[in-house]
Structure formats: C-alpha cells, structure tokens
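What follows is a single structure, written as structure tokens, with notes after it.
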Amino acid sequence: MRPAFIPVPSDGAGTVHFEQQKEMTMKALVYHGPGQRSWDTVPNPTIQAPTDAIVKIDTATICGSDLHILKGDVPAVKPGTILGHEAVGTIVETGAAVSNFQIGDHVLISCITACGSCRFCKEARYGQCTGGGGWIFGHLINGLQAEYARVPFADNSLYKVPSGLTDEQVLFLSDILPTSFEVGVQNGRVRPGDTVAIVGAGPVGLAAVMTAKLYSPAHIVVIDLDDGRLAKAKEFGADVTINNGREDAVKQVLKLTRGLGADVAVEAVGIPATFELAAELIRAGGTLANVGVHGKPATLHLEKLWIKDVTITTGLVDTRTIPQLLSLIEGGKLDPTVLATHHFAMDEAMQAYDVFGDAAKTHALKVVLKGTEVSTETKSKVGITTAV
Ligand SMILES: NC(=O)c1ccc[n+]([C@@H]2O[C@H](COP(=O)([O-])OP(=O)(O)OC[C@H]3O[C@@H](n4cnc5c(N)ncnc54)[C@H](O)[C@@H]3O)[C@@H](O)[C@H]2O)c1
Ligand SMILES: [Zn+2]
Ligand SMILES: [Zn+2]
C-alpha cells in the first residue's frame, strides 16, 4: 500500500515534510451502531482548523468505554465514527496555528482535548472544556484506532514523548493512569499511612493501586468478584484482597482498621452496588472517590452518612497530571507496561476487540495495537530519532 502521507522536499534548504496524498484512504476501526464494528477503508483525516495536527498512529489501545459504546450505552456516538481515545503517534502535518509541535514529533495523545481558553481549561479542568474540547475522540469526532487521526487543539492536547521511553511505557497515560490518579487517588486525598480500599480491579482499579502507592498508604485493600483480577491486584502491590462474592468486605476492612473503616474508598466499577459498598467502607471523616461511570441511580444512604463528616467526590478525568506521570515513568518510579497483557497489529483490531471484550476468559487487562512502522529512511529524513 502506498503511504498516505509521503515525505517530500519542500524548500531549497532540503527540509522534508510529510504531504498528504490527495484522495488517499486509510484503515480504521469503525462503529456502525450497537454491536457492530468493522475494520474499514475510510478517507484520510485532513486539517480542519489551524489548531489541528494530523498524527500517524504508532500504538493504540482499547478502553472499557469503547465496549460501552459498542453496547449502545453512549448514544452520542454516531454510526460511522472511528473508535478509540488512547494512542501514541508521530505528527505528519500541522495546522498554521500549531506552534508547540513540529512534523516528526513523537507524541502522546490525551483522551481529553483542551481548547485552552475556556473557563474550565483555565482551571486545568480540561475534561469539562466548553470550547470544543473534552472527551471527543471516538465519541463526538473520529478517534484514534486508525492509521491516522486528526487532533484538534494540538498544542494543548499532545505531549512530547521523552526520548528513551517506548510507546508502551507511556500509552496508558492517555486515559487510565491519569483517571485513577486524578479522579481516584488525588480526589480521594490519599495520604501516607492511610488505608485505601479500591472497589474494582479492572485496569482502572489496578492503575489506582499503582498510583495510590506513590503516597505510601499503610494498606491497600482491593475488592472484586474475580479471583484472577484479585491475583493481579496482589502483583500490582495490593496488601489485602477481598472477593466480595464470598467474603464480607465491610467486616474485613473494619477488622483491618480497628473498627474505624477506610480513610479512602475508590469506586472503580460503576454500578449501584459498588458505590453503596464504597460508602459503607469509609471511616468518619473519610473520602469516597467515585471513578466508575454510572448508568443507573445509586442509593446515597444519607441517613447513615450525614453524621460521619464524609466527602464524596465525582469526576471525569482532566489528564492534567500527564506531565507528572511522564516524569515518574522517566525516573523509573512508575511502570504502566505491566497493564499490557496482549499485543496485536493495528490491522488485527477486530480480533483485539474480541480478546479485550472477553476478559473473563482471556484475562486481558489492556491490549496494545501496533501501527505500521515509519521507514528508517523516512525517519532520518524528517529527523525522528525516538522509537516509533
Ligand atoms: N471517571 C472517569 O473519567 C473514567 C475514565 C475511564 C474509565 N472510567 C470508569 O472506570 C470504571 C472501571 O473501568 P475498568 O476499565 O477498570 O472496568 P472493568 O469493567 O475492566 O473492571 C471492573 C471490575 O469491577 C469488577 N466488578 C464488577 N462487579 C463487581 C461487584 N459487584 N463487586 C466488586 N467488583 C465488581 C469486575 O470483576 C472488574 O474486575 C468503569 O466504570 C469505567 O467506565 C471512568
Ligand atoms: Zn477510556
Ligand atoms: Zn476549553
């Protein structure tokens, strides 16, 4: 197949740019309505605003939210939308107003884009952006499980991958690491010596184990119905695991904390039962940090909680902690690669969805999709020195 974007000399000084071949197509994973997805041939993305960049996707992954979309739980996603909001890639084209990035830059794409100038962006609450950003990839605009993607507000939505780091080391910073860190651990105000109870040991709950450990809690307790996931939680650093299908989680946490309860409970499932369990686990003065995406109302037992001085937080990830998390990875203090359980080529995305969607059987946590390599010749022409 001919490349969609080809390197061409653009001036007498020998500078090489990628130029999109007109009328070119690419492959992408497309949503066609509830239960329907396919690996389709679609038009290449093009620059639509001067703040856009076009990125060649080198490495991508699938999120539980993509499965929610496929179940029809997110009606805002229109049939024909390319899915995906987590990826690392190489810039092949920039709009005239992009000033922080250049063609050839190796970048992490945040699942949250940010206009940079609305009231919420000014507070680093990018998830709530009212200027056209927020969670739009694979939701309101085409996403990242494709050969190429258009990234709006590129200056605010991309992060240079530090040289020496692999795609897989940084890939999960697009979404689940900042989600568990910001919405779980930071909203929960985890402090040294705390007992932190994490309900749900999916990728988000496990990432909460990893990022809670940064604050040296005394105990991390992980609660799930799946013994396989609980075993993973132990590998990731949980001190105590509880299968709440067999054991009374509240009783166990009270025993561990001399009858007080957990300082922080992180809800990382998204169903009423687990929210209500998390509310029972916290001590007086404790915090319940809800991370789960809920589709149904949950009961808030104010008749028990009103007297307990508790704090309950909710949130959509902002990804404002990506620079901090990148530093932790660079410094060898955080290694998210342990979340990657399966690897596929990008054009095997259909099989990758099957494996990810059947996690109970396949034990998948995160699947990694590798795009085609930029040729060594092209890399040297455009000055790409990092691994792609
Ligand atoms: N707030 C945000 O910005 C944000 C961002 C990304 C994901 N999320 C949400 O975080 C949640 C977790 O994501 P994930 O990808 O880890 O999901 P997941 O489905 O892979 O994992 C959920 C885990 O919960 C366990 N579970 C199910 N029912 C349970 C019960 N009754 N008691 C105990 N455990 C139970 C499952 O066994 C599984 O291990 C989801 O709701 C997801 O939509 C929120
Ligand atoms: Zn996601
Ligand atoms: Zn904004």
Side-chain angles (χ1 to χ4, degrees), residues 51 60-69 71 73-74 83-87 110-139 143-144 152-153 156-157 172 174-184 187 197-209 222-233 241-247 249 266-278 281 289-295 313-319 339 341 356-360 363-366:
T51 45
T61 182
I62 308 174
C63 178
S65 309
D66 299 323
L67 300 181
H68 278 299
I69 293 168
K71 275 193 211 136
D73 294 346
V74 192
L83 293 182
H85 51 265
E86 300 167 83
S110 166
C111 69
I112 302 291
T113 55
C115 82
S117 45
C118 75
R119 183 237 156 109
F120 294 122
C121 282
K122 298 232 162 171
E123 290 179 358
R125 245 179 236 281
Y126 310 121
Q128 310 294 330
C129 174
T130 54
W135 175 38
I136 57 173
F137 288 127
H139 178 208
L144 310 179
F153 309 116
N156 309 320
S157 314
F172 306 128
S174 283
D175 179 353
I176 62 163
L177 259 292
T179 292
S180 56
F181 189 42
E182 295 168 15
V183 189
N187 277 358
I198 297 167
V199 187
V204 171
L206 292 171
V209 175
V222 176
I223 300 162
D224 201 293
L225 297 169
D226 179 334
D227 287 328
R229 291 242 158 135
L230 289 173
K232 276 278 172 197
T241 57
I242 303 171
N243 185 320
N244 57 322
R246 291 195 301 268
E247 300 161 81
V266 175
E267 199 281 351
V269 186
I271 59 173
T274 45
F275 176 83
E276 288 157 28
L277 171 60
L281 292 171
N290 182 82
V291 186
V293 172
H294 290 261
T313 62
T314 69
L316 171 69
V317 64
D318 293 308
T319 68
L339 286 156
T341 52
F356 184 67
D358 197 8
H363 303 292
L365 286 176
K366 290 296 273 185

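Atoms within each ligand, like the ligands themselves, are counted from 1 in listed order.
Set against the non-hydrogen atoms of N244, the atoms of ligand 1 under 4.0 Å away are 32 (N), 33 (C). Which parts of ligand 1 touch T274 is read off a 4.0 Å heavy-atom cut-off, strictly below it: atoms 29 (C), 30 (C), 31 (N), 32 (N), 33 (C). Per-residue contacts place I271 under 4.0 angstrom from the following atoms of ligand 1 (heavy atoms of the residue considered): 28 (N), 31 (N).
Looking only at side-chain heavy atoms (C-beta outward), C111 and V317 come within less than 4.5 Å of each other. Between R229 and T241, the closest side-chain pair of non-hydrogen atoms is not below 4.5 Å. When side chains are defined from C-beta on, P152 counts as touching I136, because their heavy atoms get closer than 4.5 Å. For the pair L339/L177, a side-chain contact is recorded, criterion being any heavy-atom separation below 4.5 Å from C-beta on.
Closest non-hydrogen pair, G315 versus V183, comes out as O-CG1, 3.4 Å. Closest non-hydrogen pair, Q128 versus D318, comes out as N-OD1, 4.3 Å. The shortest non-hydrogen separation linking D175 to P178 is O-CD, 3.2 Å. Closest heavy-atom contact between A359 and A364: CB-O, 3.6 Å. Contact record, S117 with K122: O-CE, 3.6 Å, taken as the closest heavy-atom pair. Smallest separation of non-hydrogen atoms from A114 and S157: N-OG, 3.2 Å.
Distance check on atom 37 (O) of ligand 1: some protein heavy atom falls below the 4.0 Å cut-off. Atom 17 (O) of ligand 1 lies below 4.0 Å from none of the non-hydrogen atoms of the protein.
Residues satisfying the side-chain hydrogen bond (donor to acceptor under 3.5 Å, both in side chains) test with H68, not counting sequence neighbours, are D73.
Considering D224, I242, I223, N244 as possible partners of L230, the one that fulfils the side chain to side chain contact (heavy atoms under 4.5 Å, CB included) test is D224. Applying the side chain to side chain contact (heavy atoms under 4.5 Å, CB included) test between K366 and each of I176, L206, I62, T341 identifies I176 as the sole match. Partner V291 forms a side chain to side chain contact (heavy atoms under 4.5 Å, CB included) with one of V204, L316, T313 and no other, that one being V204.
The nearest protein atom to atom 3 (O) of ligand 1, hydrogens excluded, is given as V317 N, 2.9 Å; this is a heavy-atom distance. In this structure, atom 19 (O) of ligand 1 lies nearest to the protein heavy atom R229 NH1, 4.7 Å. Of all protein heavy atoms, the one lying nearest to atom 43 (O) of ligand 1 is V293 CG2, 3.2 Å. In terms of protein heavy-atom proximity, atom 15 (O) of ligand 1 is nearest to P203 CD, 3.8 Å. Closest to atom 4 (C) of ligand 1 among all protein heavy atoms lies T179 CG2, 3.5 Å. Among all protein heavy atoms, the one lying closest to atom 29 (C) of ligand 1 is L225 CD1, 3.5 Å. Closest to atom 44 (C) of ligand 1, if we only count protein heavy atoms, is V291 O, 3.0 Å.
Nearby protein atoms of type N, O or S around the Zn ion (ligand 3) amount to 4 (distance under 2.8 Å).
Within the 3.5 Å criterion, the main-chain N or O of S174 finds no donor-acceptor partner in the side chain of E86. Checked by atom type and distance alone, the side chain of E182 pairs as donor or acceptor with a backbone atom of T319 at under 3.5 Å.
Within the 4.0 Å heavy-atom criterion, both parts of L316, backbone and side chain, lie near ligand 1. Within the 4.0 Å heavy-atom criterion, the part of D175 lying near ligand 1 is the side chain and not the backbone. Contact annotation for L206 and ligand 1: no heavy atom of the residue comes within less than 4.0 Å of the ligand.
Heavy-atom proximity to atom 25 (C) of ligand 1, evaluated over N290, D224, V222, is greatest for D224. Here atom 27 (C) of ligand 1 lies nearest to V269 when heavy atoms of V269, D318, I223, L230 are compared. Taking each of D226, T314, V204 in turn, the one with a heavy atom nearest to atom 7 (C) of ligand 1 proves to be V204.
Within the structure, salt bridge (Lys or Arg N to Asp or Glu O under 4.0 Å) pairs that include any residue of residues 110-119 comprise R119-E123 (at least two apart or interchain).
Protein N/O/S atoms found under 2.8 Å from the Zn ion (ligand 2): C63 SG, H85 NE2, D175 OD2.
Atom CZ in F356 sits 5.0 Å away from atom CG in L67 (nearest 0.5 Å).
Comment: D227 engages R246 in a salt bridge, judged by a side-chain N to carboxylate O separation of less than 4.0 angstrom.
Put simply, no part of A273 is less than 4.0 Å from ligand 1, judged by heavy atoms.
Residue-to-ligand polar distances keep A268 apart from ligand 1: every N/O pair is separated by 3.5 Å or more.
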